[in-house]
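One structure is given below, encoded as structure tokens.
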Amino acid sequence: MSETSSLSKDEICRTLVELGHILEISGSSPFKVRAFANGARALENWQGDLVSLVQDGKVTSIQGIGKGLAGLIEEWVLEGESEAEEEIRSLVPESLLDLLKIAGLGPKKVRVIYEELEIESVDELEEACQENRIQSLAGFGQTSENSILKGINNLRRFAGRHLVSQARVVAQRFLDAVKSVSGVERAEVAGSLRRNRETIGDIDVLVGTLDPIPVREAFMAVEGIREVMAEGETKSRILSEEGVGVDLRVVEPVAFAPALHYFTGSKEHNTRLRQRARERGWKLNEYGLWDEEGAALPTPEEQDIFRHLDMAWIPPELREDLGELEKAADLHSRSAEWEPLISEQDVKGVLHCHSTWSDGKATLREMVQAASDLGWVYYGTADHSRTASYAGGLSIEQLAEQRAELEEIRSDFPHMTLLQGIESDILADGSLDYPDEVLAELDYVVVSVHSSFSLPRAEQTARIEKALRHPATTVWGHPTGRLLLQRDGYEIDLDHLLSVAAEEKVIVELNAHPRRLDLDWRWGRRVLELGVDIGIHPDAHSTQGLRDVEYGVAVARKMGFSSSQVTNCMNPEEYLKRLNLCHKS
DNA sequence: GCCGTTTTCGGCCCGACTGTTTTCAGTCG
Ligand SMILES: Nc1nc2c(ncn2[C@H]2C[C@H](O)[C@@H](COP(=O)(O)OP(=O)(O)OP(=O)(O)O)O2)c(=O)[nH]1
Ligand SMILES: [Mg+2]
Ligand SMILES: [Mg+2]
Ligand SMILES: [Zn+2]
């Protein structure tokens, strides 16, 4: 047993964010604070094997991580702890970080509350507000106490982010309301939703009109507003009944494109682009772009902003300051454009769908019908395997019966290529759930982890590697097992397993269920480097679930993928050939 | 703390809303 265990990349990112906040409360330079936040983000978005990176002394090769942060990271990876970290932590009590989560409380106010009243926790702050001990502090008043109490209440009930599927419903409600107002020329959802992030913090709606007042009124009249958090000339913010924040920004139509660019973000992308404008003596904000003489440059569309700055238009999904600005400048210099990203119409069919044969809600026939209605030309059923008894896993006999049913259905859907597969549990020892000859009879095999989530990293990796190397394995299902906003994925060496998948020609699933979206988009770059093929699969348990492909396509776009980089955009003939590359029968 | 095809020092995006600030700081997008 080692005395201290190395911190994982995720733990390191979380720690960097925390240290940044501690520095902020203790009054450090805002630029140093930003450096910690940027470093955390840079590391979060970097994918690969961190231990090797540290051993090779290459941590500073990550843009945004310099000598200082690299020193911390190296200590965390090699020793599991850091003196420099402890020094920072000793500046203020850790529990103050919770106070920062209260809306309206930032580092300056938290510091005053702590230093003047020795308040260290949310509970203590609540008590102090109730006893009216806050209003006497410099910079606070009676209203402050009420708004802090409200903030504490909201924090307890509605903290956290939201699934894309839920956020889209709320967003549509508000978008419809403002779009129907007369005088509204353009209206769009911006922010993380437009960038197709995997989870959504709040919803951002932009409106272009010369008549802003009725827009604000319509926005405030939408059903299900819990609280108005701000209401100004151009900006309003509410909290919905569901606990989702919605920001409204209203600008004149002439500023719609620069405002859409601003409001789409990301913040880091915006900052970098504004910096680029500034470097040439220009100014960029949400109202427009001005040259060194202060002359406004026309920007009727987003692409005009980029063009003036000598860049190709960047798809919203890629605006994360992860190298897209450099790529856009390069494309522009070669008079080239971004290759179009995949869209839903490019998907020709799917694998990995369940039916009433196991735990699905629709019959196999109903599922095939729904797939046909979506315009798909191939469809692969995959119910659970026999060990998954809790999910109605199929016995060998049932597999044969299902095959017979599929033959019957086939005759009614002559235009479709129907495939029988299985979602085989990867058993604890890495073997699959049926004898090899049974697996070989199937058209394809998805292998997934549904048990023994907490094996040590090396064991878990070896277990999955064994499954990926099985000759029948076609697809690696929901590779990390993460459930968004619920649980992290199991501990594995994903970088290694992706290279195994590439070697074995196993298709890595981009599971489109909005709770999973697994593989995470941040692995897109690595997937390309390693030559891994991905497939967008809905993991549908109902006919409605097939539509989740939309969320999978969104993630593939965020990976920057075109249709040629997704297996199930192939035509049926090519696709069958691709499946048989790895599924030996 | 990070970074560099004008820089290894001296910058680091820019603007809206709120509250108690009698002239703007803090927070947030
Ligand atoms: N220039 C600039 N733009 C910002 C800043 N903060 C936010 N924005 C822009 C870019 C963001 O995407 C957009 C909406 O802000 P949000 O706080 O809602 O962030 P976003 O939607 O990206 O993520 P979210 O899922 O809501 O946490 O506003 C900033 O500090 N500077
Ligand atoms: Mg947002
Ligand atoms: Mg927002
Ligand atoms: Zn599964």
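Every chain is numbered from 1, with letters handed out A, B, ... down the list of sequences.
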Determine the contact category for A:Tyr262: base if any of its heavy atoms lies under 4.0 Å from a base atom, sugar-phosphate if only primed atoms, P, OP1 or OP2 are that close, otherwise nothing.
base

Tightest non-hydrogen contact, residues A:Arg111 and A:Ile25, listed as CD-O, 3.2 Å

How close do A:Arg173 and A:Ser240 get, counting heavy atoms only, and between which atoms?
NH2-CB, 4.3 Å

So which heavy atom on A:Gly201 is nearest to which on A:Ser192, and how close?
N-OG, 4.2 Å

5'-most to 3'-most nt of DNA chain B touching chain A (<4.0 Å, heavy-atom partner on protein side) reads B:dG1 to B:dG29

P atom, B:dG29 versus B:dT23: distance in rounded Å?
28 Å

Which pairs count as salt bridge (Lys or Arg N to Asp or Glu O under 4.0 Å) when at least one residue sits in residues 177-187 of chain A, sequence neighbours excluded?
A:Arg186-A:Glu301

Would you say CD1 of A:Ile213 has more than 12 non-hydrogen atoms from neighbouring residues, nucleotides or ligands within 6.0 angstrom?
no

Less than 4.0 angstrom from a charged side-chain N to a carboxylate O is my criterion; do A:Asp247 and A:Arg237 meet it?
yes

Whether A:Lys283 and A:Glu292 form a salt bridge (side-chain N of Lys/Arg under 4.0 Å from carboxylate O of Asp/Glu) is what I want to check.
no

Looking across every strand, which nucleic acid part, if any, lies under 4.0 Å from A:Ile65 by heavy atom: base, sugar-phosphate, or nothing?
sugar-phosphate

Would you find a donor on one side and an acceptor on the other, under 3.5 Å apart, between the side chain of A:Arg195 and the backbone of A:Glu317?
no

Sugar-phosphate, base or nothing in reach of A:Ser144, heavy atoms under 4.0 Å
sugar-phosphate

Of A:Arg516, A:Arg515, A:Arg168, the residue whose pairing with A:Tyr551 passes side-chain contact (heavy atoms from CB on, under 4.5 Å):
A:Arg168

What residues in residues 22-54 of chain A put a non-hydrogen atom under 4.0 Å from any atom of DNA chain B?
A:Phe31, A:Lys32, A:Arg34, A:Ala35, A:Phe36

Quick check on DNA chain B: between A:Gly66 and A:Thr271, whose nearest nucleotide comes earlier from the 5' end?
A:Gly66

Which residues satisfy the side chain to side chain contact (heavy atoms under 4.5 Å, CB included) test with A:Glu118, sequence neighbours excluded?
none

Residue pairs involving residues 16-30 of chain A (criterion side-chain hydrogen bond (donor to acceptor under 3.5 Å, both in side chains); sequence neighbours excluded)
A:Glu18-A:Arg89

Close approaches to DNA chain B from residues 303-316 of chain A, in residue order (heavy atom, under 4.0 Å):
none

